[in-house]
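Below is one structure, written out as structure tokens; the observations come after it.
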Amino acid sequence: MSLKTATILSLLITVIGAVVLLQGSTFHWFGNQQGYAPVQPIQFSHKVHARDHQIACLYCHSGAEKSKVAGIPAAAVCMNCHSQILKNSPEVQKITRALTEGKPIEWIKVHSLPRHAVFDHSRHFAAGVQCQECHGPVQTMERVAQTETLLMGMCVNCHRTHREVTLDATGRAIVSKERSQARLQASTDCVVCHH
Ligand code: HEC
Ligand code: HEC
Ligand code: HEC
Ligand code: HEC
Ligand code: HEC
């Protein structure tokens, strides 16, 4: 290899490296992470759990009903079943190991908003907005992917639309296409999402 080719090559590698680093540390600035589907430390399948075995989303993401964050279940929750089910599977043994070593499983976050934007799961849950409207058909996924843009345009588009809902006694929405006893319109004020 001539000196010139080597210089050009190393320059190229530096530029590519810089771009990768920049993307990694500042992807929030680019906003759109649609299609992002990182490999997780354990091959956890939503299709197996949420569809084939019909485990409710809230069994593992109970935070979505009550708080801003939906949350990722602790390893102890997995052991409710896996202390019995498939306990000899190498993937399941990673859970056991995490517990005995006292180290949390390092799941890689898929969906994130930049810090200047505010999001609250419980408000959407109470208004009857389905998980799938923002996360796609998670129950069919072997590995979670971000299916939507989660950009401001997506949020505001839905906030602009009226939703036809029926409220139950506790003020929680019962989603219905037929009945329309209440009309919800979420706010589009800047401060609602930026404060
Ligand atoms: C309510 C019960 C239940 C809970 C809770 C649960 N699982 Fe499972 N899991 C299952 C069932 C049922 C299967 C499929 C068993 C089969 O295929 O025979 C399964 C399969 C798996 C497999 C596939 C293993 C293999 O070798 O094929 C992995 C990995 C797994 N679970 C990880 C987890 C993790 C991680 C958690 C916690 C976040 C968790 N599970 C929570 C019931 C549960
Ligand atoms: C048995 C437990 C379990 C059930 C049931 C479950 N999940 Fe999950 N969920 C997890 C775990 C563990 C992760 C983190 C690993 C991953 O991303 O696959 C996760 C990740 C996610 C993520 C990505 C979070 C991020 O990092 O941005 C979404 C979205 C999600 N789940 C939605 C759902 C929906 C919707 C349902 C119901 C259809 C559901 N989950 C059912 C355990 C569960
Ligand atoms: C209106 C849109 C929307 C709906 C509906 C929604 N989510 Fe989310 N979800 C998001 C956004 C946006 C994030 C990223 C939040 C952040 O970066 O702080 C997120 C993050 C998550 C995460 C990652 C952990 C966390 O709490 O940040 C999980 C798990 C999750 N959602 C599960 C669910 C489940 C389960 C439901 C249904 C019960 C649901 N989501 C409904 C928009 C939504
Ligand atoms: C599919 C429809 C839909 C999408 C998409 C959606 N929202 Fe909402 N949002 C709603 C509804 C409905 C409410 C509840 C309004 C109510 O309670 O009156 C709400 C409420 C809120 C609230 C509370 C408003 C208040 O008055 O305090 C915030 C904050 C919010 N959304 C932020 C977001 C953000 C950020 C996104 C994008 C990541 C988003 N939403 C995407 C439908 C949606
Ligand atoms: C329903 C929620 C919601 C409302 C209402 C909202 N925003 Fe946003 N906004 C977001 C989210 C989520 C992001 C981050 C994702 C993105 O960059 O699109 C964002 C991003 C931004 C950005 C950064 C854009 C970029 O390219 O990085 C600016 C500036 C902004 N919003 C200004 C406003 C102004 C001004 C208003 C009022 C007219 C407003 N927003 C109303 C949710 C909202």
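This one's a predicted model, so the numbers in the text were calculated from it and none came from an experiment. Computed from heavy atoms alone, side chains included, the values below leave out hydrogens, waters and symmetry copies. Note that ligands are numbered from 1 as they come in the structure, with each ligand's atoms numbered from 1 the same way. Note that the numbering runs from 1 along the sequence shown for the chain.
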What do you reckon, does Trp107 have a nitrogen or oxygen under 3.5 Å from a nitrogen or oxygen of ligand 1? no

For atom 37 (C) of ligand 1, what's the nearest protein heavy atom and its distance? Cys78 SG, 1.9 Å

Taking atom CD of Gln43 as the centre, report whether more than 12 heavy atoms of other residues, nucleotides or ligands fall under 6.0 Å from it. no

Per-atom contacts, ligand 5 versus Thr188 - under 4.0 Å to a heavy atom: 5 (C)

Quick one: angle His82 NE2 - atom 8 (Fe) of ligand 1 - His49 NE2, to the nearest 10°? 180°

For Leu86 and ligand 1, answer yes if some heavy atom of the residue is under 4.0 Å from a ligand atom, otherwise no. yes

Contact atoms of ligand 1, heavy-atom distance to Cys81 under 4.0 Å: 1 (C), 2 (C), 3 (C), 4 (C), 5 (C), 42 (C), 43 (C)

Closer than 2.8 Å to atom 8 (Fe) of ligand 4, which protein N, O or S atoms? His124 NE2, His159 NE2

For atom 12 (C) of ligand 4, which protein heavy atom lies nearest, and how many Å away is it? Arg163 CD, 3.4 Å

Regarding Thr149 and Gln34, is there a side-chain donor-to-acceptor distance under 3.5 Å anywhere? no

Below 4.0 angstrom from a heavy atom of Pro114, which ligand 5 atoms are there? Numbered from 1 as shown, please. 14 (C)

Please list the nearest protein heavy atom to atom 13 (C) of ligand 1 with its residue and the distance rounded to 0.1 Å. Val48 CG1, 3.9 Å

Does the side chain of Glu106 pick up a donor-acceptor pair with the side chain of Gln40 at under 3.5 Å? no

Sub-4.0 Å atoms of ligand 1 with respect to non-hydrogen atoms of Ile55: 1 (C), 2 (C), 3 (C), 43 (C)

Is the ring centre of Phe44 less than 6.0 Å from the ring centre of His49? yes

